Amino acid sequence: MSDYQAPLKEMQFVINELASLDKIASLPGFEEATPDTVEAILEQAAVLANEVFSPINQSGDEAGTRIENAAVVSPDGFADAYKQFVENGWQSISQSPDFGGQGLPYLVHSAVAEMWSSSNIALALCPLLTSGAIEAISQHASAEIQSRYLEKMVSGEWSGTMNLTEPQAGTDLAAVKTRAVPEQDYYRITGQKIFITWGEHEMSQNIAHLVLARLPDAPEGVKGISLFVVPKYLVNEDGTLGERNDLKVVSLESKLGIHASPTCVMSYGDAGGAIGYLVGQENNGLACMFTMMNHARLEVGMQGVGLSERAYQRALAYAQERVQGNTHGHKGKVTIIHHADVRRMLMQMRALAEASRALAYVAACEYDLAHRSEDDSEKARHQRRIDLLTPVAKAWSTEMSQEVTTLGVQVHGGMGFIEETGAAQYMRDARILTIYEGTTGIQAMDLIGRKLLRDKGMAMAELLSDLNSFNLELDSANEELKTVASHFGTALKVLQQVTDWFLEAAADDDPDLAGSIAVNYLMLTGNVVCAWLMGKAAIAARQHLDAGADDIFYRNKISTAIFFADHILPRSIGLGDTILTGSNSVMSIDVESFK
Ligand SMILES: Cc1cc2nc3c(=O)[nH]c(=O)nc-3n(C[C@H](O)[C@H](O)[C@H](O)COP(=O)(O)OP(=O)(O)OC[C@H]3O[C@@H](n4cnc5c(N)ncnc54)[C@H](O)[C@@H]3O)c2cc1C
């Protein structure tokens with residue numbers, strides 16, 4: 001029996017009430033995304049997630065992966081689960097019909113992706129990377145490469161990877177050394193890549209590796225990197241598979257979590273050079289890479305949502321079963337959910353899971369609006385919003401998944417520390433989320449540098465204006481949301497104040513200021529944006545109740561929003577105070593004095 005059940009009602013609520021499915025369904029090409037169709041799609045996905053992906057999550061973690069005869073062996077059941085995923089068309093759900101995709105909104109893909117990450121994050125990483133590679137090829141590759149690769153990748157018959165990292169080039173991709181030497185209509189690629197997720201496996205028929213490399217005469221730094229598609233098997237003109245390319249997995253990393261996802265050291269060109277094809281222009285790999293990374297950042301944010309949800313479900317089930325101690329008003333021993341402190345932990349878990357879901361789905365909605373709005377100024381406004389929200393959705397949700405999955409262990413007491421319950425696995429699996437696709441620190445620098453300073457606060461001012469309108473709406477909301485209104489007003493003032501302060505202070509000559517405050521600023525932004533969305537959810541839930549709905553779901557939505565405002569949102573005051581101290585105490589011990 002699977003212990004994960006996709007929270008369909010909650011997902012549909014967020015899609016309809018917060019992520020404005022109706023607005024998206026009115027965009028050209030998305031007419032079929034009606035609430036009924038989306039509901040049916042989510043129900044179908046839930047069957048695969050609950051019944052196929054989830055039951056092999058823990059056994060996959062225990063078995064891990066290994067190399068046998070130069071091939072990676074996946075845990076039992078993974079190849080079959082992936083086959084079902086492909087046969088049911090899940091890879092293609094939001095991909096372009098031009099290459100066999102179903103052309104549904106990214107929002108629908110995102111909700112479905114939450115289920116894959118909740119039910120089996122290690123397996124879900126394989127299609128996640130394929131989607132990023134599809135995005136890069138669709139936007140930057142030549143028509144010939146697109147026609148050769150995209151259809152098979154969109155169907156999932158071929159998978160994709162991202163090959164950025166090298167031993168000396170992690171965050172600092174300017175240090176990439178892998179070489180690409182032009183030859184006929186292709187390039188010879190040589191070098192080593194590390195940490196490549198699903199870099200080798202037998203679940204798909206071919207693997208399209210997207211590899212960052214440097215031409216012999218390339219300029220130094222990021223201006224000299226180019227992107228190549230380097231297939232595991234060369235692809236003949238008629239699309240059939242040819243010879244094996246000159247690349248191989250050298251070893252697999254032994255790691256803290258996501259054990260069932262092979263993290264590969266890849267070697268390119270040991271026998272003279274792997275054949276690769278340029279994607280985009282020479283020396284313009286950075287732009288192509290950002291296409292892949294921005295996409296993957298939203299997807300990793302969704303992984304945070306998925307693991308928070310699953311950890312919450314597990315903790316709740318345990319708290320409802322485990323009998324321990326007494327409490328007022330009950331004769332005899334009680335289950336631990338009766339204890340106020342356990343209830344606090346469960347409320348914190350559900351509030352953070354719901355808030356990060358709301359943020360992720362609203363970001364997905366902005367993505368759709370930015371891509372499909374017909375009016376140019378609308379399009380640009382949504383693009384500014386998704387650009388602003390991407391680092392927040394990635395970093396806030398994944399940071400919060402650390403808190404949620406740790407609380408999940410805590411709710412289990414000693415059994416949380418024992419692998420059998422699964423709670424420890426969610427905590428271990430979540431740990432990578434704040435690191436790959438750019439660490440939280442890097443997301444925060446993106447927010448404060450590229451997204452706040454570069455446009456002189458324009459995108460943030462638009463967001464603050466929406467938050468201020470909501471603040472006024474809260475004032476006239478139902479009495480039960482009084483506490484939400486008061487905490488929200490205070491936190492919003494803090495965000496406004498530190499934003500204004502930073503935009504002014506940035507002009508001063510403190511090169512350490514941005515780096516010193518960035519993560520706290522991102523977390524503050526996430527808190528306030530999520531409080532906004534939780535508040536909107538509470539207002540929508542109240543409307544359902546007032547219209548006669550008699551459903552505990554809506555009452556719980558309101559209670560959870562109030563809990564978020566009471567327990568999570570006040571952290572904003574501390575974050576604001578810390579931000580205003582600037583770089584003073586952060587930089588107070590110089591590098592040589594750290595002993
Ligand atoms: C399980 C796993 C799977 C992965 N999958 C892939 C994959 O499929 N493809 C791929 O290409 N890579 C992959 N990676 C690599 C991953 O993206 C990098 O680990 C990550 O980008 C961080 O780089 P690094 O490990 O070199 O850390 P470093 O860059 O050494 O960073 C160490 C610390 O210093 C900080 N830091 C570094 N530079 C700066 C700076 N300029 N300003 C402020 N702080 C800074 C970082 O925030 C971090 O806290 C994977 C890694 C793991 C562990």
Side-chain angles (χ1 to χ4, degrees), residues 61 64-65 72 121-133 136 159-178 191-201 207-213 221-222 225 227-228 230 249 251-266 268 285-286 288-290 292-297 299-300 303 307 391 394-395 398-399 402 428-450 511-522 583 586-587 591:
D61 176 62
T65 55
V72 169
I121 192 167
L123 177 55
L125 268 161
C126 181
L128 183 157
L129 284 152
T130 307
S131 298
S159 56
T161 68
M162 269 166 74
N163 282 243
L164 317 180
T165 309
E166 297 175 13
Q168 76 296 342
T171 302
D172 183 8
L173 290 168
V176 159
K177 279 191 192 152
T178 296
Q192 191 188 65
K193 294 285 176 181
I194 61 166
F195 293 163
I196 306 308
T197 300
W198 287 99
E200 169 57 31
H201 61 94
I207 304 175
H209 298 286
L210 285 175
V211 180
L212 280 187
V222 286
I225 31 188
L227 184 68
F228 300 87
V230 189
V249 57
S251 59
L252 299 180
E253 303 293 354
S254 163
K255 55 197 194 293
L256 179 66
I258 52 167
H259 287 158
S261 157
T263 303
C264 305
V265 175
M266 301 293 296
Y268 289 85
L286 193 69
C288 310
M289 193 189 77
F290 266 110
M292 242 178 348
M293 290 204 337
N294 276 329
H295 180 272
R297 284 174 178 180
E299 303 270 319
V300 173
Q303 292 187 315
L307 281 181
K394 197 278 181 181
T398 58
E399 286 293 336
Q402 312 304 310
R428 289 187 286 98
D429 286 352
R431 196 62 197 86
I432 186 61
L433 304 183
T434 60
I435 297 172
Y436 61 21
E437 289 318 325
T439 58
T440 299
I442 296 305
Q443 303 304 320
M445 290 300 285
D446 179 45
L447 175 68
I448 213 162
R450 283 200 200 91
D512 294 314
L513 178 63
S516 302
I517 69 164
V519 167
N520 287 329
Y521 184 79
L522 182 144
S583 66
V586 173
M587 303 306 283
V591 169

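If you're wondering where the values come from, they're calculated on a predicted model, not measured in any experiment. Just so you know, ligand 1 is whichever comes first in the structure, and atom 1 is the first atom listed for that ligand.
Looking only at protein heavy atoms, the nearest one to atom 45 (C) of ligand 1 is Ile442 CD1, 4.2 Å. The protein heavy atom nearest to atom 4 (C) of ligand 1 is Phe195 O, 3.1 Å. Given atom 24 (P) of ligand 1, the protein heavy atom at minimum distance is Gly170 CA, 4.0 Å. When hydrogens are left out, the protein atom nearest atom 20 (C) of ligand 1 is Ile435 O, 3.8 Å; that is the closest non-hydrogen contact. Among protein heavy atoms, the minimum distance from atom 15 (C) of ligand 1 is reached at Thr165 OG1, 3.2 Å. Among all protein heavy atoms, the one lying closest to atom 8 (O) of ligand 1 is Thr197 N, 3.0 Å. Among all non-hydrogen protein atoms, the one lying nearest atom 9 (N) of ligand 1 is Met162 O, 2.7 Å.
Between Trp198 and Ala122, the closest heavy-atom pair is NE1-O, 3.0 Å. Taking both residues in full, the closest heavy atoms of Thr263 and Phe195 are given as CG2-CA, 3.5 Å, listed atom of the first, atom of the second, then distance. Across Leu164 and Lys193, no two heavy atoms sit closer than the pair O-NZ, 3.1 Å. Annotation for Leu433 and Val300: closest pair O-CG1, 3.6 Å, computed over non-hydrogen atoms. In plain terms, the two heavy atoms of Ala175 and Ala169 that are nearest each other are C-CB, 3.7 Å. The minimum heavy-atom distance linking Met162 with Ile196 is given by the pair O-CD1, 3.6 Å.
For Glu437, every heavy-atom contact with ligand 1 shorter than 4.0 Å involves the backbone, none the side chain.
Heavy-atom distances between Lys193 and ligand 1 stay at or above 4.0 Å for every pair.
Atom 50 (C) of ligand 1 lies below 4.0 Å from at least one non-hydrogen atom of the protein. Shown here, atom 28 (P) of ligand 1 is in close reach of the protein: a heavy atom of it lies under 4.0 Å off. In this structure, atom 34 (O) of ligand 1 has no protein heavy-atom contact shorter than 4.0 Å.
Between Met293 and Glu437, the closest side-chain pair of non-hydrogen atoms falls below 4.5 Å.
To the nearest 0.5 angstrom, Glu399 atom CD is 8.5 Å from Leu522 atom CG.
A donor and an acceptor atom, one from each side chain of His201 and Ser159, are located under 3.5 Å apart.
Of the candidates Leu256, Ile432, Leu173, Ile432 brings a heavy atom nearest to atom 52 (C) of ligand 1. Of the listed residues (Val211, Val519, Thr171), the one carrying the non-hydrogen atom nearest atom 23 (O) of ligand 1 is Thr171.
Below 4.0 Å from some heavy atom of Leu164 lie the following atoms of ligand 1, by number and element: 10 (C), 11 (O).
More than 12 heavy-atom neighbours from other residues, nucleotides or ligands sit within 6.0 angstrom of NZ on Lys255.
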TODO: Begin with the C-alpha distance, continue with both residues' side-chain angles, and end with the deciding distance and a verdict on side-chain contact (heavy atoms from CB on, under 4.5 Å) for Tyr436 and Gln303.
DONE: CA-CA 12 Å; Tyr436 61 21; Gln303 292 187 315; 2.8 Å; yes
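When only interatomic distances are considered, the shortest N/O to N/O separation between Thr439 and ligand 1 falls below 3.5 Å. Polar contact check, Tyr436 against ligand 1: no nitrogen or oxygen pair lies under 3.5 Å apart.
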